[in-house]
2 protein chains.
Amino acid sequence: MSDELITCVGEHPTQHPAQEHLIDPETAREVARLFSALADPTRARIIGLLANAELCVGDLHRLLGMTQPAVSHQLRLLRDLRLVKARKEGRHVYYSLDDEHVYRLFQEGLDHVRHG
Amino acid sequence: MSDELITCVGEHPTQHPAQEHLIDPETAREVARLFSALADPTRARIIGLLANAELCVGDLHRLLGMTQPAVSHQLRLLRDLRLVKARKEGRHVYYSLDDEHVYRLFQEGLDHVRHG
DNA sequence: TTAATATATGAGCAATCGCTCATGTGTTTG
DNA sequence: CAAACACATGAGCGATTGCTCATATATTAA
């Protein structure tokens, strides 16, 4: 965060000094997609639970007090983002985190909300 | 991530061992609100720019190639979340980051997208 | 003062989101 | 086999999002 303090004059963006720090649209979309995973209370709670234990859909649906389809839909979303992985065992499907980075992001976000 | 591997049987959520890791709805909402800030390509790009330099609305709107109102609306959102602060100077308003945590979150998210 | 510039804001609209309800698939049990 | 269970999935619907367009406010310049 080196706040370069640049005057606001350039009419042509290509010559603005901050230009080099502008992330391209495609990367921006992916970053946004990643953070979208945690940008919903239900998904945040799911990540929080799966961070500590492998759980099946039924457990999640009971713990969260939500409909089973609601949980399944969110799990599908998290699975598509490869943040969560599924392990089938009999008629149960156990979910767990599949991305350490996301757990760190989640923890930092949680800390930020709880203290300071 | 200590994946305790618990059997999926308890019909009553209150007695499930994972219960203690369940974050309450209010905290979950705040966490989600925090991550929502970065869960949009435009806002992610804004944070990325402001992470390196203080910029006025006009610069942002030119650099991003977006309408000025579009940028102002997103800045308003970020301001409400206290992630960004505004400094008025003449008829310009300079924005900069107001939250170190968010810069870290952003950087980690960006790294995660760029390399593994 | 008038005009131009820089920004903020409200209304409105298409797109997306997160849920519910119904139903489909696969597995186990009786 | 049939019934029950665990989960996935699609349609549909209200709420939210992110933009545009028009306009309001504030500051500087002529």
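Keep in mind that this is a model prediction, so the values were computed, not measured. Hydrogens, waters and symmetry mates are skipped; everything else that's a heavy atom, side chains included, is used. Residue numbering restarts at 1 for every chain, and letters A, B, ... go by the order of the sequence lines.
- Note: CZ (B:R87) to P (D:dT27) measures 15 Å, nearest angstrom.
- Remark: P of D:dC7 and CD of A:E89 are 11 Å apart, rounded to the nearest angstrom.
- Considering only the side chain of B:R79, C:dA8 comes nearest among D:dC7, C:dA8, D:dT9.
- At a threshold of 4.0 Å, the pair B:E108-B:R104 counts as salt-bridged, since one of the basic side-chain nitrogens sits closer than that to a carboxylate oxygen.
- At D:dT17, none of the side-chain N or O atoms of B:R43 fall inside 4.0 Å of OP1 or OP2 (strictly under the cut-off).
- Considering every non-hydrogen atom in both A:L110 and B:T27, the closest pair reads CD1-CG2, 3.7 Å.
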Yes or no on side-chain contact (heavy atoms from CB on, under 4.5 Å) for B:L105 and B:L34, after CA distance, side-chain angles and deciding distance?
CA-CA 10 Å; B:L105 285 181; B:L34 170 63; 4.2 Å; yes
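- Taking atom CG on B:D80 and atom P on D:dG18, their separation rounds to 13 Å, with Å as the unit.
- Heavy-atom distances to DNA chain C give each of A:G90 and A:M66 a nearest nucleotide, and the one nearer the 5′ end belongs to A:M66.
- Distances shown here put every side-chain N or O of B:R91 at or beyond 4.0 Å from the OP1 or OP2 atom of C:dA4.
- Using a 4.0 Å cutoff on non-hydrogen atoms, no part of residues 27-42 of chain B comes near DNA chain C.
- Taking atom CG on B:L64 and atom P on D:dG18, their separation rounds to 14 Å, with Å as the unit.
- The B:K88 side chain lies nearest to D:dA26 when the options are D:dC19, C:dT9, D:dA26.
- Taking side-chain N and O atoms only, B:R76 has no distance below 4.0 Å to OP1 or OP2 of C:dA8.
- In this structure, the CG atom of A:L60 is 13 Å from the P atom of C:dC19, given to the nearest Å.
- In this structure, the CD atom of A:Q68 is 12 Å from the C1' atom of C:dT23, given to the nearest Å.
- There is a side-chain donor-acceptor pair under 3.5 Å between A:R79 and A:Y95.
- Protein atom OH of B:Y94 is 11 Å distant from nucleotide atom C1' of C:dA6, rounded to whole Å.
- A straight line from NE2 of A:H92 to C1' of D:dA6 spans 7 Å, rounded to a whole angstrom.
- Contact check, A:Y95 against D:dA6: no side-chain N or O comes under 4.0 Å of OP1 or OP2.
- Electrostatic pairing of B:E26 and B:R29 counts as a salt bridge here, judged by a charged N lying under 4.0 Å from a carboxylate O.
- Side-chain N or O atoms of A:R43 include one that pairs as donor or acceptor with a backbone N or O of A:S36 at under 3.5 Å.
- Nearest-nucleotide positions on DNA chain C for B:V93 and A:L77 put B:V93 closer to the 5' end.
- For the pair A:H73 and D:dT9, the ring geometry qualifies as stacking, because the centroid separation is below 5.5 Å while the planes lie within an angle under 30°.
- Contact annotation for A:S72: base contact, defined as any heavy-atom pair under 4.0 Å involving a base atom.
- For the 3.5 Å distance criterion, the side chains of A:D111 and B:H101 fail to qualify, holding no donor opposite an acceptor.
- Between A:A51 and A:L97, the shortest heavy-atom distance links the atoms CA-CD1, 3.8 Å.
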